[in-house]
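Please read these numbers as outputs of a predicted model, since none were measured by experiment. Just so it is clear: chains get the letters A, B, ... in the order the sequence lines come, proteins before strands, and each one is counted from 1.
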Number of protein chains: 2
Amino acid sequence: MTPPRTARHDRGHVVDVALELLDRVGLPDLTMRRLAAELDVQPSALYWHVASKQELLAAVADRILDRTPPSPDDGVPAAARSIRDALLAYRDGAEVVMSSYALGLGARHAYDVLAGALRRAGIPDVDASAAVLLQFVLGHTLVVQQRMHAESHGAAGVDGGWIESARSDAAIFDHGVRALVALPAR
Amino acid sequence: MTPPRTARHDRGHVVDVALELLDRVGLPDLTMRRLAAELDVQPSALYWHVASKQELLAAVADRILDRTPPSPDDGVPAAARSIRDALLAYRDGAEVVMSSYALGLGARHAYDVLAGALRRAGIPDVDASAAVLLQFVLGHTLVVQQRMHAESHGAAGVDGGWIESARSDAAIFDHGVRALVALPAR
DNA sequence: ACCTGAACACCGTTCAAGT
DNA sequence: ACCTGAACACCGTTCAAGT
């Protein structure tokens with residue numbers, strides 16, 4: 001019955017709540033002040049746990065990608081799909097990962113997952129292929145998620161809808177992945 | 001000698017100055033207030049020419065991409081390169097285009113350039129291939145430009161530098177494009 | 001037609017001070 | 001170790017009013 005006088009938080013908890021808030025309200029509304037309110041704390045308190053908003057977002061990006069399974073032996077397309085699915089699992093997931101890509105963190109694990117799958121598949125020039133694949137996965141998912149924004153926000157596809165292509169996103173994605181693993185780097 | 005009492009602006013000029021300012025200070029510092037100062041005008045004056053910052057950025061995105069040549073007959077890789085180069089020509093160009101992608105505008109012209117080149121090359125399933133190519137070009141360029149941020153801002157590649165792959169960006173890009181046009185959509 | 005002035009409802013971040 | 005309170009230097013946007 002005592003009010004949670006000792007409801008104090010640690011860094012892990014702050015990141016957890018940030019990820020949950022991201023999924024609920026989206027990146028534009030994930031502000032430090034809003035996150036602080038969610039934690040029943042003053043905004044300045046966040047800076048005890050985290051050096052900056054950018055660092056917070058990098059930690060969130062890691063959380064989004066970290067649970068990507070090491071892809072035991074299902075092949076490269078399965079590995080690529082698991083990364084795409086991790087990005088799609090949270091609202092604005094791809095954008096968060098992309099924006100913290102600059103720090104050199106975040107996408108590291110995804111790169112390793114792809115590189116591992118490529119190596120097991122016996123594909124030559126693993127480094128270049130993994131980079132190409134990761135860039136495609138990020139670009140594709142960013143586009144798909146951006147379109148979700150537009151559709152939910154109303155004013156989308158004003159002039160016909162070239163933006164949604166003939167095939168479904170999943171087919172487009174598989175097409176791209178298949179093409180990229182088929183051709184060795186040469 | 002008369003002070004420019006009639007220095008009034010039109011929409012085209014506002015977008016011009018916004019693009020120049022973007023290239024000079026980067027997207028995070030391209031604020032409505034800063035742009036207004038550049039035009040010697042109060043911030044509220046911008047809303048006569050433009051409905052919102054988002055609309056302004058969409059117009060800037062169009063300017064970035066619009067001058068991509070129709071690629072007479074140099075093939076698909078040349079078309080893809082010309083789009084990448086247009087994005088790289090301005091600071092944060094890829095990010096601006098991507099963020100206004102949601103409005104359905106901006107990348108339309110780029111899509112058409114790619115689709116045209118694919119059609120002339122006799123590649124089947126033009127729609128799906130153009131979508132895949134555009135997604136790869138956007139993802140690749142976003143990654144490259146994000147890395148420029150990181151490097152100029154100091155704190156990059158802390159743990160070794162997996163992020164810069166074995167090959168140069170241009171080689172990675174060409175590898176991706178070649179792979180994507182080699183395999184028909186099936 | 002184009003702009004000013006003033007206001008509204010916000011931001012991220014710092015820092016002394018509290019417990 | 002973790003948080004409050006107050007402040008600093010900003011944001012995008014609206015709207016009546018001016019010329």
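To the nearest angstrom, C1' of C/dT19 lies 7 Å from CZ of A/Arg8. As a whole-Å value, the separation of A/Glu55 CD from C/dG12 C1' is 14 Å. Rounded to a whole Å, the CZ atom of B/Arg33 is 11 Å from the P atom of D/dT13. Note: NZ (A/Lys53) to P (C/dC10) measures 15 Å, nearest angstrom. Rounded to whole Å, the distance from CG on A/Leu46 to P on C/dT13 is 10 Å. Rounded to whole Å, the distance from CG on B/Leu39 to P on C/dC2 is 13 Å. The nearest whole Å value for the distance from the CG atom in B/Asp29 to the C1' atom in D/dC11 is 12 Å. Taking atom CG on B/Leu57 and atom C1' on D/dC11, their separation rounds to 14 Å, with Å as the unit.
The phosphate of D/dA1 has neither OP1 nor OP2 within less than 4.0 Å of any side-chain N or O from A/His49.
Of the residues near DNA chain D, B/Arg34 and A/Gln42, the one whose nearest nucleotide (by heavy atom distance) lies more toward the 5' end is A/Gln42.
If you check D/dC2, D/dT4, C/dC3 against the side chain of A/Trp48, the one that comes closest is D/dC2. Closest to the B/Tyr47 side chain, of the nucleotides D/dT4, D/dT13, C/dT13, is D/dT13. Among the nucleotides C/dG12, C/dG5, C/dC2, the one closest to any side-chain atom of B/Ser44 is C/dG5. Of the candidates C/dC2, D/dC3, C/dG12, D/dC3 carries the atom nearest the A/Ala45 side chain, counting heavy atoms from C-beta on. Comparing D/dG12, C/dT4, D/dC3 against the side chain of B/Val41 picks out C/dT4 as the nearest. For A/Thr31, the listed nucleotide lying nearest its side chain is C/dG12; candidates were D/dG12, C/dC2, C/dG12.
The existence of a salt bridge linking A/Asp85 and A/Arg81 is excluded, since no basic side-chain nitrogen approaches an acidic carboxylate oxygen closer than 4.0 Å.
Here CG of A/Asp62 is found 11.5 Å from CG of A/Leu57. Values are rounded to the nearest 0.5 Å. Between the NE2 atom in B/His140 and the CG atom in A/Leu134 there is a gap of 12.5 Å [rounded to 0.5 Å].
Shown here are the side-chain contact (heavy atoms from CB on, under 4.5 Å) partners of A/Glu20, two or more places apart in sequence or in another chain: A/Arg24.
Rounded to a whole angstrom, the distance from the P atom of C/dA17 to that of D/dC2 is 22 Å.
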*asked:* Run B/Val137 and B/Phe173 through side-chain contact (heavy atoms from CB on, under 4.5 Å) and show every step you take.
replied: CA-CA 8 Å; B/Val137 171; B/Phe173 182 78; 3.9 Å; yes
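A side-chain contact (heavy atoms from CB on, under 4.5 Å) with B/Arg84 is found for one member of B/Leu138, B/Val144, B/Thr141 and no other, namely B/Thr141.
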*asked:* Let me check I have this right: for DNA chain D, each base becomes ., (, ), [, ] or |, based on Watson-Crick or G-U pairs with both distances under 3.5 Å. What is the full string?
replied: ||.|||||...|||||.||
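Taking the six-membered ring where the residue is Trp, B/His49 and B/His9 present perpendicular rings, their angle passing 60° and hence far from 30°.
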